[in-house]
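Atoms within a ligand are numbered from 1 in the order they appear, just like the ligands themselves.
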Amino acid sequence: MPGTCVVGLQWGDEAKGKLVDILTEQHEIVVRYAGGANAGHTVVSDGQTWKLSLIPSGILRNGVACVVTGGVVLDPAAVIKEIDGLESRGVTIAGKLLVSDRAHVVFPWHVAEDKLLDGSLSGGEPIGTTGRGIGPCYRDKVGRSLAIRLGDLYRPEFPAQLAHITALKAKLLGVEFDVAAIREQYRQYAERLRPFVCDTTSYLLDAVEAGRKVLFEGAQGALLDVDHGTYPFVTSSNSSGVGISNGSGVPGRWIERVIGVVKAYSTRVGGGPMPTEQDNAVGQRIRDRGNEYGTVTRRPRRCGWFDAVAARYTARLSGVDELAVMLLDVLSGFDELAICSAYMIDGRRVTQFPSHIDDVKRAEPVYEMLPGWHEELTGVRRYDDLPENARRYLARIGELLGRPVTVVSVGPDRAQTIFCDPAPKRHPWPRPQHPAPANA
Ligand code: GDP
Ligand code: IMO
Ligand code: MG
C-alpha cells in the first residue's frame, strides 16, 4: 500500500516539515490535507533555511508532485507569495504543484473576523489564533451560504457570487468592503494560480490505485484537532490522523504507515491548557535552547516537560505505527528530566486524556524522573552513540506511547537525523495499553 503519513502528536511545531523533507526522497507525491497559512514548517539543508506554509515541504526536492487538497483553506495572496519566494531562490514550482479546486478561499473578511472574534470566547481567554482567517474560512465552508471555493473563481457567476457575499459580510460585520477592488484582486490571483488548479481528489485516487508512493504531511498537531483536541483551544480542522481522508479524499485503507512526530518535550503557542507547562527557568531554558518562537507569528512558545498522557492519546487517535522524537538535543544539560505519565484530577489518578477542557485545566501532572545527560547531541549520527541516559529517555517515551521510536532528531539540519535501524525497541502492534489506565 502506498501511503505514509507524518502527523504531529502535540500542539504543532513538532518539526514535521523536517521529517517530511527527508521522507520525500522515498515518495512521489507529497500532500497537505488540512490547515492553511497558520502552518509554518521549517526545513534546513546545506546551510539554507526554508519556511513553508501552504506548500508541502516536499517542494524542495525535484521529481516530486506537491498537492494542496480541498481540506486546506487557501489564502491566495499567501500561496502566491510563497511560490514567488521559492522561485526567487531557484526552486521549481511549475509542473510540480497541484492545488485543489475544492479548497476554500480566504477573503479579507475572514482575517477581520479572526481578529474580531479571538478574544470573545466565553470565559474571556483568547484562543490566540494565528490571525490568518483560518477559523472563519472553515466556518463559512461548513455554513455553505458565504463560502467561495477556488474553483468558483473561474466561473462566470463569480462576480455576482462575490458581490452577494461581500454585501452580506459587510452587513454582518458592520465593515465596508470595496467589492470592485476585491474582485479585481481575486481575478489576478486566479489567473496566477490557474496552472496549478485541478481536481486533486481524482488525481490522488488515481495515484494510490496505481500504487504510487504518497506522503501525507500533517499540519498543526493532533491536540489542536477540532473534534478530538483541547476544544475550544484548537484549530478549525481535523489536524490529527483522522483528518487525512476527509481532507484529501483518499480512503484510510491506502494509508500504510503513520509516523507520529513529537518533540522530546512539549510546546504550545496561544491559549489553552498545557498540563506540563514550565513557566519558570526550566521552560525558559528549553525555549532558549530550542529557539522556541513561532514560525508564523514569532510568539514565544510555551514550553514544558514531555506529556506522555497527551501524546499516547494522540498516537492512538492518529493510528500511529512509529515515533519520530525531534529536538532531543535541546534537552542536554539537565541533571534530571521529567516525563508526565499520569494526571491527578480531583484526587484521582488518570492516564486517559480527558475529553473536557475543564478536566485538562485541573490536571496535575504525575512525573517520572529520569536521569539527564550533559553531552551535546548535535553531532551524533548513530543511535548507539547517544548517551545511555538519552537512549533510556527515548525508550521510556516509546514504552509509554506503545510505539517504537524509529527516528531521532538532534538538530534542524537534514543531516542531524538518526534512523534507528533496527528500531531500539519494537512493540507488537496493536499492543495492550500501557500503563493500564487507572480509571478504565
Ligand atoms: P513544524 O511546524 O512541525 O514543521 O515545525 P516548525 O518548523 O514550526 O518548528 C520546528 C523548529 O525546530 C524549526 O525551527 C526547526 O528548524 C527546528 N528543528 C527541527 N528539528 C530540530 C532538532 O532536532 N533540534 C533542534 N534544535 N531544532 C530542530
Ligand atoms: P504547524 O503546522 C503551532 C495554534 C494557534 C492557536 C490555535 C488556533 O506549524 O505545526 P488558528 O490560527 O489555526 O485558528 O489558531 O492553533 N496553531 C498552531 N500552533 N503550530 C501550528 O502549525 C499551528 N497552527 C495553529 O497558535 O493556538
Ligand atoms: Mg510550525
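- Around the Mg ion (ligand 3), the protein contributes the following N, O or S atoms at distances under 2.8 Å: D13 OD1, G40 O.
- Here the shortest heavy-atom distance to atom 6 (C) of ligand 2, taken over C137, G128, G270, belongs to G128.
- The shell of residues lying under 4.0 angstrom from ligand 1, judged by heavy atoms, excludes G12.
- Contact annotation: for V234 versus ligand 2, heavy atoms closer than 4.0 Å belong to the backbone alone.
- Listed by chain and residue number, D384, D385 satisfy the salt bridge (charged side-chain N to carboxylate O under 4.0 Å, His left out) test with R382 (two or more places apart in sequence, or in another chain).
- Looking from atom 10 (C) of ligand 1 to the surrounding protein, the closest heavy atom is D13 O, 3.8 Å.
- For atom 1 (P) of ligand 2, the nearest non-hydrogen atom from the set Q220, Q10, R132 belongs to Q220.
- For ligand 2, the atoms closer than 4.0 angstrom to any heavy atom of W11 are 3 (C), 19 (N).
- A salt bridge is defined here as a Lys NZ or Arg NE, NH1 or NH2 lying under 4.0 Å from an Asp or Glu carboxylate O, and D199 with R102 meets this definition.
- Under a 4.0 angstrom heavy-atom cut-off, G40 registers as being in contact with ligand 1.
- Under a 4.0 Å N-O distance rule, the pair D21/R61 qualifies as a salt bridge.
- Residue-ligand proximity, A219 to ligand 2, at heavy-atom distances under 4.0 Å covers atoms 2 (O).
- The closest protein non-hydrogen atom to atom 7 (O) of ligand 1 is T42 OG1, 2.5 Å.
- Of all atoms in ligand 2, listed by their number and element, those nearer than 4.0 Å to a heavy atom of K16 are 1 (P), 2 (O), 10 (O).
- Looking at heavy atoms from C-beta onward, L328 lies in side-chain contact with W373 at the 4.5 angstrom threshold.
- Between W109 and F107, the ring planes are parallel. Angles under 30° get that label, and only those over 60° would be called perpendicular.
- By the 30° and 60° cut-offs, the orientation of the rings of Y367 relative to W305 is perpendicular.
- Looking at L224 against ligand 2, only its side chain comes within 4.0 Å, counting heavy atoms.
- Residue contact annotation: K18 has a non-hydrogen atom under 4.0 Å from ligand 1.
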